[in-house]
**Q** 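Input: one structure, supplied below.
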Amino acid sequence: DFSDELAQGPASLEHVRHGERFTYRTGRYSGRFDHFWVGGARATSAPVVGGPCNSDDAREVARYNRAISDHCPVSVAFAW
């Protein structure tokens with residue numbers, strides 16, 4: 001699997017996991033597609049998904065999809 005390949009590769013990257021259901025969402029499709037992989041740093045916060053990707057309001061999701069994107073912003077803080 002892709003996660004194993006990155007973790008065992010020459011860069012020794014670490015996957016920063018998050019508990020949000022979705023980072024991508026349209027009316028028909030959704031998923032957790034956006035990820036953080038880090039090397040030489042550590043996450044100092046859990047990733048946060050902004051926007052309506054995890055909202056129960058289908059109209060809000062549709063408006064966001066038309067005006068901005070089908071992906072929601074994902075952020076995390078790091079320390080080196």
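All heavy atoms count here, side chains included; hydrogens, waters and symmetry mates do not. In this text the structure is predicted, and so the values were computed from the model without any measurement.
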**Q** I'd like to know if the side chain of R21 reaches the main chain of N54, judged simply by a donor and an acceptor atom lying under 3.5 Å from each other, with no hydrogens or angles considered.
**A** yes
**Q** If you look only at pairs with a residue in residues 50-70, which of them pass as a ring pair (Phe, Tyr, Trp, His ring centres under 6.0 Å), with sequence neighbours excluded?
**A** none
**Q** Pairs under 3.5 angstrom only: tabulate donor-acceptor contacts from the side chains of residues 73-80 to other protein residues two or more places apart or in another chain.
**A**
none

**Q** Could you work out, with side chain to side chain donor-acceptor pair (under 3.5 Å) as the rule, every residue matching S45, not counting sequence neighbours?
**A** none
**Q** With a 4.5 Å cut-off on side-chain heavy atoms, are H15 and H35 touching?
**A** yes
**Q** Find the distance between CD (E60) and CZ (R25) and round it off to the nearest 0.5 Å.
**A** 9.0 Å
**Q** Under the ring-ring contact (aromatic ring centres under 6.0 Å, His included) test, which residues partner H18, sequence neighbours left out?
**A** none
**Q** In terms of hydrophobic clusters joined by side-chain contacts under 4.5 Å, are F22 and F36 together?
**A** no
**Q** Restricting to non-hydrogen atoms, name the atom on C72 and the atom on G50 that form the minimum distance, rounded to 0.1 Å.
**A** CB-O, 2.9 Å
**Q** If you link I, L, V, M, F, W and Y whenever their side-chain heavy atoms are under 4.5 Å apart, who else ends up in the same group as Y24?
**A** Y29, F33
**Q** Measuring only between side-chain heavy atoms, which start at C-beta, is P47 closer than 4.5 Å to V16?
**A** yes
**Q** Tell me every residue that passes side chain to side chain contact (heavy atoms under 4.5 Å, CB included) with N65, counting only those two or more places apart in sequence or in another chain.
**A** T26, V61, D70
